[in-house]
Number of protein chains: 2
Amino acid sequence: MRILITAGPTREYLDDVRYLSNASSGQMGYALARSAIAAGHEVALVSGPVTIAPPAGCELYQVETTDEMFAQCEKLFPNCDGVIGTAAVCDYRIKTRKPGKIAKTGEAITLELIETIDVLAELGSQKGNRWVMGFALESQDARFNAVRKLYSKKCDAIVLNSVSAIGSSENFVEVIDQSQEIVATYSGEKTQVADSLIEWIQQHLAGR
Amino acid sequence: MRILITAGPTREYLDDVRYLSNASSGQMGYALARSAIAAGHEVALVSGPVTIAPPAGCELYQVETTDEMFAQCEKLFPNCDGVIGTAAVCDYRIKTRKPGKIAKTGEAITLELIETIDVLAELGSQKGNRWVMGFALESQDARFNAVRKLYSKKCDAIVLNSVSAIGSSENFVEVIDQSQEIVATYSGEKTQVADSLIEWIQQHLAGR
């Protein structure tokens, strides 16, 4: 298979210096890329700013903002068999980005944030006969919200992980498929979880 | 001398996942720590989240938010001879941090940002006979604003660098002292600029 993987955070700038982001390390996505390549697949990895090296043999596309991530994915997706969306996309952007650096005045400032494009939902709506695996990170009503995301993003499966996974080398995940049931759980080092997820994809999503 | 150095960015959280920050790599502060140790000084390095290793022989204090950086510096400063403030402190925080992860609703959200504590200005006001070197990064009226910061933060010298220095391994800096004049300029790799700045401090600020 040729697999599109998104990884890392994206950044949305207030001005030329300050941005909104999150502590996603990219480890889960990079581990999946490594596992997929080891299992004989081709990988196109679209990554926000992280400090880890891509696995050997991986096509890497570096992006910064959510719009950039979407534009790159939209180009690559038609030639892939499926997509795994692990990126912790910055889902709000500042309505009016200021040039330069906003100078401090002592006053409070009010920012209006609007939602960024939903990268995975867009790919889901364009998927045709390709498969889509999403990742969800929820702090409340996690399984309920994961299932909601499964449908709204047109995913074939969604991997639910906890807030504590961000920036950590370990993860505990539950795989939910279109039956709305938890069909697999994996825990341990993200590298091991990645091997298990690639195997699950091969068994359940490949060759559709 | 025993030198307090601040480095890296700080983060200010909207909720448990999303934060406001900047792309400061910490390279300038870590390079200064290395140069200072090589020149025979002791260094206490207070650093926001970065991915580079501290130099051997350096006391490292890791912090995340601006308040944490200030609290750590306030503890260390009385036992130091001076402070070099290279940290790109996140100077706005979200007035009301939400627990968990704010769920997307499709609506715009409005954030009120208020200024964080000015770490270097606070240390400046407590300096007594210790010296204070600040760093300024300005996109407009750079020298004018640098001099304004020199006074408002009670610095003995301020190092002016450009927006392009963020995340880069190179830097071009101008040192402005209380004469309001540019008394030195250095350019090149941050490691070289750091050596020059430590030498400048030894000649002009040490032993006051």
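A, B, ... follow the sequence lines: proteins, then strands. Residue 1 opens every chain. Just the heavy atoms: all of them, side chains too, but no hydrogens, waters or symmetry mates, feed the values below.
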Table please: side-chain donor-acceptor pairs of residues 187-197 of chain A below 3.5 Å, with sequence neighbours left out.
from, atom 1, to, atom 2, distance (Å)
A/Glu189, OE1, A/Ser169, OG, 3.4
A/Lys190, NZ, A/Ala165, O, 2.7
A/Lys190, NZ, A/Ser168, O, 2.6
A/Gln192, OE1, A/Glu189, N, 3.2
A/Asp195, OD1, A/Ser35, OG, 2.7
A/Ser196, OG, A/Gln192, O, 3.2

task: Tell me, out of A/Val17, A/Ile114, A/Asp16, who's got the most heavy-atom pairs with chain B below 4.5 Å.
output: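 If we count pairs closer than 4.5 Å to chain B, A/Val17 comes out on top.
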query: Most heavy-atom pairs under 4.5 angstrom with chain B, which of A/Asp91, A/Asp118, A/Asp15, A/Leu14?
result: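 Option with the top pair count is A/Asp91.
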message: Please check if the number of heavy atoms outside B/Glu115 that lie under 6.0 Å from its CD is greater than 12.
response: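 Yes, CD of B/Glu115 has more than 12 neighbouring heavy atoms, counting only those of other groups under 6.0 Å.
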field: Over 12 non-hydrogen atoms of neighbours within 6.0 angstrom of CD in B/Gln62
entry: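 No, CD of B/Gln62 has 12 or fewer neighbouring heavy atoms, counting only those of other groups under 6.0 Å.
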field: Residues from residues 18-31 of chain A approaching chain B under 4.5 Å (heavy atoms)
entry: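 Heavy-atom contacts from residues 18-31 of chain A to chain B are A/Arg18, A/Tyr19, A/Leu20, A/Ser21, A/Asn22, A/Ala23.
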- request: Anything in residues 141-149 of chain A with a heavy-atom distance to chain B below 4.5 Å? Please list those residues in order.
  value: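 Within residues 141-149 of chain A, near chain B: A/Lys149.
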query: Given side chains that start at C-beta, do those of A/Ile52 and B/Thr51 come closer than 4.5 Å, heavy atoms only?
result: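 Counting from C-beta outward, A/Ile52 and B/Thr51 never come under 4.5 Å.
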Going by atom type alone, with no hydrogens or angles, which donor-acceptor pairs under 3.5 Å involve a side-chain atom of residues 99-112 of chain A and a protein atom two or more places apart or on another chain?
from, atom 1, to, atom 2, distance (Å)
A/Lys101, NZ, B/Leu137, O, 3.2
A/Thr105, OG1, A/Glu107, N, 3.1

